[in-house]
Amino acid sequence: DAGVTQSPTHLIKTRGQQVTLRCSPKSGHDTVSWYQQALGQGPQFIFQYYEEEERQRGNFPDRFSGHQFPNYSSELNVNALLLGDSALYLCASSLGGWTETQYFGPGTRLLVL
Amino acid sequence: KQEVTQIPAALSVPEGENLVLNCSFTDSAIYNLQWFRQDPGKGLTSLLLIQSSQREQTSGRLNASLDKSSGRSTLYIAASQPGDSATYLCAVYNDYKLSFGAGTTVTVRA
């Protein structure tokens, strides 16, 4: 049984560019959440998708957007990249909502120059 | 707003010593609490999940306790080994998301 997978593993962009990160949830899981982890800090909640809709959103600007597809996979898009967007982006999946056990992927390391 | 604090921020112990990692949270209305391990540059590995109705959870050398009323959880690692060196994060489930502490970085000296 494959766990949560994320692509790409690493990414380098320049300021002002746009980036798309991808997440495939654990088999059968219908809820996907995204987190940003800056160096030396704990992960911060970006948003959560369930049934192809954004259900909850953390304190992140509109430059951060997402999508969930019918197969429950998800994308995180970040526009107009800033240096401060450099971080590890983590995807977590669960079955049946946010109160259920969250399983994390290996993350995508984004570096903005 | 949920605040999660982990003390100490860093810990260095000789091999064989028991580890005690602390986590405190401000809002006791949580569903679950989960402990994770993170190796440098890597993702999160789940260690233990304690449901709100439970007081503790054990797996091998790891034991985690939860006291919701006081807003505290403790992770015990028995007989530490150099391979236990990592950052340990606790996270609480409430308000539709996980709220994380900043972690405790553990170094076990051989």
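Below, read A as the first sequence line, B as the second, and so on, with proteins coming before strands; counting in each chain starts at 1.
- Contact of B:Leu49 with chain A is made through the side chain alone, with heavy-atom distances under 4.5 Å.
- For chain B, the nearby parts of A:Pro43 are the backbone and the side chain; heavy atoms of each come within less than 4.5 Å.
- Closest of all the heavy-atom pairs between B:Lys42 and A:Leu88 is O-CD2, 3.6 Å.
- Between the side chain of B:Tyr93 and the backbone N or O of A:Gln102, at least one donor-acceptor pair lies under 3.5 Å.
- Taking each heavy atom of B:Leu89 and A:Gln37 in turn, the nearest pair found is CD1-NE2, 4.2 Å.
- Under the 3.5 Å distance criterion, the side-chain polar atoms of A:Gln48 are left unmatched by any main-chain donor or acceptor of B:Lys97.
- Annotation for A:Leu83: atom CG counts as buried by contact number, over 12 foreign heavy atoms lying within 6.0 Å.
- In this structure, chain B has a heavy atom under 4.5 Å from the side chain of A:Tyr35, while its backbone stays farther away.
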For this session: Carefully, step by step, assess B:Phe36 and A:Phe104 under the rule ring pair (Phe, Tyr, Trp, His ring centres under 6.0 Å).
Result: CA-CA 10 Å; B:Phe36 295 90; A:Phe104 280 80; 5.3 Å; yes

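- Annotation for A:Asn59: atom CG does not count as buried by contact number, only 12 or fewer foreign heavy atoms lying within 6.0 Å.
- Between the side chain of B:Tyr96 and the main chain of A:Arg55, no donor-acceptor pair closer than 3.5 Å is present.
- Looking at B:Gln38, only its side chain comes within 4.5 Å of chain A, counting heavy atoms on both sides.
- Atom OH of B:Tyr31 and atom OG1 of A:Thr101 lie 14.0 Å apart (nearest 0.5 Å).
- Distance OH/A:Tyr103 to OG1/B:Thr45: 13.5 Å, rounded to 0.5 Å.
- Side chain of B:Asn32 to backbone of A:Glu100: no donor-acceptor contact under 3.5 angstrom is found.
- With a threshold of 4.5 angstrom between heavy atoms, A:Ser33 does not approach chain B through any atom at all.
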